[in-house]
Amino acid sequence: MLKLYNTLSREKQVFVPMEAGKVRMYVCGMTVYDYCHLGHARVMVVFDMVARWLRTSGLAVTYVRNITDIDDKIIRRAGENSEPIRALTDRFITAMHEDADALGVLRPDHEPRATDFVPQMLDMIGQLEKNGLAYLADNRDVCYHVRSFPGYGRLSGKSIEDLRAGERVDVAEGKRDPLDFVLWKHARADEPAEVKWPSSWGEGRPGWHIECSAMATRLLGPRFDIHGGGQDLQFPHHENEIAQSEGAHGHPYVNYWMHNGFVRVDDEKMSKSLGNFFTIREVLKRYDPEVVRFFILRAHYRSPLNYSDAHLDDARHALSRLYTALKDHDGAAMVDWDEPHARRFRAAMDDDFGTPEAVEVLFDLAAEINRGDTTLVGQLKALGNVLGLLQRSPTAFLQSGPAAQDDGLSAETIEARIAARVAAKKAKDFAEADRIRDELKDSGIVLEDSPRGTNWRRA
RNA sequence: GGCGCGAUCGCAUAGUGGUUGUGCAACGGAUUGCAAAUCCGUCUACCCCAGUUCGAUUCUGGGUCGCGCCUCCA
């Protein structure tokens with residue numbers, strides 16, 4: 001029985017799908033004007049894990065993760081680059097897919113682009129206007145009248161009064177209330193034709209929040225099971241989505257809201273605005289992507305996750321232990337769910353996606369295997385697979401490394417050195433054998449003698 | 001100012017009203033020509049102050065510190 005923490009109720013709840021055996025899930029994805037950073041990596045990996053676990057649990061999942069391809073920052077960036085919006089967004093969508101693929105993130109069932117759903121957004125805005133929740137402001141933007149929507153602030157635990165008290169928003173440009181947000185931005189003369197769509201309120205483009213409501217409704221229906229995203233989207237983005245969808249449809253929008261914690265650097269949120277972010281591809285130059293995935297899943301999805309080289313190094317060593325246990329064994333990869341470790345694994349995952357405990361089970365399996373119980377090899381591999389881990393050849397993982405690109409030593413060179421050392425050992429020239437080993441060690445290559453020969457791996 | 005989250009062994013990260021988890025690191029032993037890997041063992045924590053309790057790291061209240069949201073942000 002799966003329980004998950006629902007941001008809306010602020011407690012763990014038993015997950016009951018709307019339709020037996022099926023789950024409909026929407027996750028807020030990327031705004032594509034730059035490379036993804038580690039924070040994006042976390043959202044993608046976390047909800048990939050969620051989708052995998054739901055499927056492993058026998059549910060048919062429809063997973064939607066949107067792409068925001070129209071927005072102020074995109075327009076600005078395209079202008080700076082003197083390139084069409086579409087060229088810019090296409091480029092970064094490709095880059096995003098490269099990053100996601102590297103991290104073992106499976107493609108969602110749908111990746112809708114906002115610009116493909118403008119008519120649906122306009123329909124929804126029209127409905128909101130009809131319901132008395134949207135109005136055309138003096139500056140010709142169409143705005144959502146937040147005060148007319150009862151229950152605004154329920155998700156984020158904010159009251160309209162408190163928001164006003166701490167208000168730091170610019171003086172309203174035509175808004176009736178500073179809290180009101182834009183549904184439809186009227187077109188400006190200096191904007192490219194590419195970002196102008198006709199509408200009954202005049203030419204313009206969608207506000208940010210409306211796209212998710214419209215696309216989720218179109219692809220999953222007006223009410224669905226799970227909606228996820230980064231913690232920072234809880235307010236105002238998700239609060240506004242609720243106001244839009246419930247305001248338009250007159251019934252609840254989402255049953256379970258999930259928010260993943262931030263990635264931090266030096267105990268500060270990693271973000272574009274703070275400038276302390278690392279892009280995924282930057283990190284992947286120095287760390288194996290599976291190490292990054294492991295690093296993310298080793299922490300609970302709702303906890304903050306501190307990034308540092310030391311922590312990634314630690315994660316690499318830990319993952320190496322798992323792969324080392326798998327080395328020299330072939331095992332079928334089907335989970336036997338009646339086996340005790342698998343039961344613990346399931347219990348951990350069913351408790352709000354407790355990947356840290358699930359990973360712990362993996363280490364216990366590795367220990368059992370190292371003690372000689374090779375019947376558990378298949379379990380380790382198969383449970384690893386549930387998390388999207390441990391599917392490579394152990395040797396391939398162990399011989400790849402942080403320095404793989406620049407230590408300049410090819411496998412052939414290393415093998416040749418090993419052969420030379422074996423010869424030296426045979427001749428009882430241990431000084432020479434040790435010299436060769438130390439030399440390789442200085443290049444980050446660790447040798448391991450075994451009855452069946454000498455193996456090597458990268459430290 | 002409003003709202004919320006967190007404080008666990010050297011580092012990291014789980015979890016639990018009483019049996020003290022996991023990874024990395026460290027130390028001792030086994031193994032090894034020596035190593036590495038592995039195994040066995042050691043070290044063994046729960047911010048502070050009250051309260052509830054037979055018993056609290058775990059529950060309640062207060063405090064301190066850190067962080068997040070309230071503005072674009074995964």
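Residue numbers start from 1 in every chain, and the chains themselves are labelled A, B, ... in the order their sequence lines are given, proteins ahead of strands.
- When distances run from any side-chain atom of D434(A) to the nucleotides rG2(B), rC34(B), rC73(B), the shortest one goes to rC34(B).
- Residue R437(A) has its side chain nearest to rA35(B) when only rC3(B), rC69(B), rA35(B) are considered.
- At the phosphate of rC69(B), OP1 or OP2 sits under 4.0 Å from a side-chain N or O atom of K269(A).
- Side-chain proximity of F262(A) to the nucleotides rA74(B), rC34(B), rC24(B) is greatest for rA74(B).
- Considering only side-chain atoms of D364(A), the nucleotide from rU38(B), rC72(B), rU22(B) that sits closest is rU22(B).
- Within the shown strands, rU60(B) is the pairing partner of rA50(B) under the Watson-Crick or G-U definition, both distances less than 3.5 Å.
- Listed nucleotides rG68(B), rG23(B), rA74(B) differ in distance to V43(A); the shortest reach to its side chain belongs to rA74(B).
- Listed pair S303(A) / rA14(B) meets the phosphate criterion, a side-chain N or O lying under 4.0 Å from OP1 or OP2.
- Figure legend: R52(A) and Y63(A) shown without cation-pi pairing, the cationic atom not lying both under 6.0 angstrom from the six-membered ring centre and within 45 degrees of its axis.
- For R457(A), whose side chain is taken as the heavy atoms from C-beta onward, the closest listed nucleotide among rC24(B), rA14(B), rA37(B) is rA37(B).
- Note on E239(A) versus K158(A): no salt bridge recorded, every NZ/NE/NH1/NH2 to OD/OE distance being 4.0 Å or above.
- In terms of phosphate contacts, R264(A) brings no side-chain nitrogen or oxygen within less than 4.0 Å of OP1 or OP2 of rG66(B).
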